[in-house]
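First comes the structure, then the notes that go with it.
Numbers restart at 1 for each chain; the letters A, B, ... are given by sequence-line order, proteins then strands. Just so you know, these numbers come straight off a predicted model, no measurement behind them.
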Amino acid sequence: MPELPEVETIRRQLCTAGVKGRVVEKVLIDWPRTVDPLSPAVFCKKITGRTIERLSRHGKWLIFELDSEDNLLVHLRMTGGFYLSSGALKKGTYDRAILQLSGGLNLHFRDPRKFGRMRLGVFPLGLGPDAMEIGARQFFQTLEKTNRGLKTLLLDQSFIAGVGNIYADEALFEARLHPLRKAGTLTDDEMLALYNAVTHVIRSAVENGGTSLGDGQGNYTDLNGNSGGNSDKANAYGRAGLPCVVCKNPLEKITVAQRATVFCAHCQH
DNA sequence: GAAGACCTGCTA
DNA sequence: TAGCAGGTCTTC
């Protein structure tokens, strides 16, 4: 599932592939809800002729900065991804939108489950600081203000943007903190451990080119169709019932905020 | 704060 | 063939 490291990997690859500086010459929308709330006709009209000046990211949102008042904001949700083609346009089975760029480059937005979204706006709304950029002080201040459970909090994009189910479980495992632990009960050392774990887990996943984990069809692949190099790094996610890498006791699986949550009851408190 | 809706393909 | 997976928005 694309979380921050996967989106960042795609962003970097789009830069390398030379998407920057190209003009959007034509837009094809195959699944209208992809561009909801705009109609495909309005959406296409607004970005046709615009130049992609920069590619940035905040949390899980990919931002195509255009030479207009609006930018193109893309959220991959669970199964979204991009790939490029050149020459004669050939639509792939799961392509929901295709941007035909100047120089004969086609940018395909592929999304089997149709949850991904393309929006027009200056910047994605309602997000907290990016997980790669949040400072320790800001992290502590937010933790101290709430008594929500840690896993729920980590998944809340208005608290910290970019952490999803995989990296939430991995960060809590690394910090030795129980997913249901209330934020307000953490000691200073525990808050620091959580901060270090979140930033370390996210940054090392970015360095490894993202993680490909999931239920099979939702597996993430990068721009070139490769799965992430971080796949064998999971200590908790997807390892329910398997021995903890630290204490060898079987990992437990519970549901938190309606998501599968795996942790070690022996190591995480 | 919890649960449903949105979707589809893979697994059991 | 039923159920699961997951991110976010909507609705109780």
>> Just the rounded figure in Å: distance from P of C:dG6 to NZ of A:Lys60.
In response: 11 Å
> So, A:Arg50 and A:Asp70, do they make that salt bridge, N to O below 4.0 Å?
Replying inline: no
> To the nearest angstrom, how far is A:Asp156 atom CG from B:dA2 atom C1'?
Replying inline: 15 Å
>> Is the ring pair A:His108/A:Tyr83 parallel, tilted or perpendicular, if the boundaries are 30 and 60 degrees?
In response: parallel
> What's the CZ-P distance between A:Arg259 and B:dG1, to the nearest Å?
Replying inline: 15 Å
> Within a strict 4.5 Å, meaning less than it, do heavy atoms of the A:Val246 and A:Arg176 side chains meet?
Replying inline: yes
> Charged N to carboxylate O under 4.0 angstrom, A:Arg203 versus A:Glu207?
Replying inline: no
Polar atoms only, N or O, under 3.5 Å: list the protein pairs with nucleotides 9-11 of chain C and their distances.
none

> Please give, in whole Å, the distance from C:dT8 P to A:Leu4 CG?
Replying inline: 11 Å
> Relative to each other, are the rings of A:Phe139 and A:Phe159 parallel, tilted or perpendicular (30° and 60° limits)?
Replying inline: tilted
> Reckon A:His75 has a side-chain N or O less than 4.0 Å from the OP1 or OP2 of C:dT8?
Replying inline: yes
> B:dC6 P sits how many Å from A:Asp36 CG, rounded?
Replying inline: 12 Å
>> C:dG6, OP1 or OP2 - any side-chain N/O from A:Tyr167 closer than 4.0 Å?
In response: no
> Is any side-chain nitrogen or oxygen of A:Tyr94 closer than 4.0 Å to OP1 or OP2 of B:dG9?
Replying inline: yes
>> Just the rounded figure in Å: distance from P of B:dC7 to CG of A:Asp111.
In response: 11 Å
>> Any base atoms under 4.0 Å from A:Arg117, or only sugar-phosphate, or nothing? Heavy atoms, all strands.
In response: nothing
>> Categorize A:Gln258 for me: base, sugar-phosphate, or nothing, with a 4.0 angstrom heavy-atom threshold over every strand shown.
In response: base
> Less than 3.5 Å between a donor and an acceptor, one on the side chain of A:Arg113 and one on the base of C:dA5, is that the case here?
Replying inline: yes
> If you find the nucleotide of DNA chain C closest to A:Leu127 and the one closest to A:Lys253, which residue's nucleotide is nearer the 5' end?
Replying inline: A:Lys253
>> From CG of A:Asn165 over to C1' of C:dT8, roughly how many Å is that when rounded to an integer?
In response: 13 Å
> What's the shortest heavy-atom distance between A:Lys91 and A:Asp30, and which atoms?
Replying inline: CE-OD1, 3.5 Å
> Under 4.0 Å between a side-chain N or O of A:Lys114 and OP1 or OP2 of B:dT8?
Replying inline: yes
> From A:Asp111 CG over to A:Arg96 CZ, what is the distance, rounded to the nearest 0.5 angstrom?
Replying inline: 6.5 Å
>> If I take atom CE in residue A:Met78 and atom P in nucleotide B:dA5, what distance separates them, rounded to the nearest angstrom?
In response: 15 Å
>> At 4.0 Å (heavy atoms only), tell me whether A:Ala260 reaches a base, stays on the sugar-phosphate, or touches nothing.
In response: sugar-phosphate
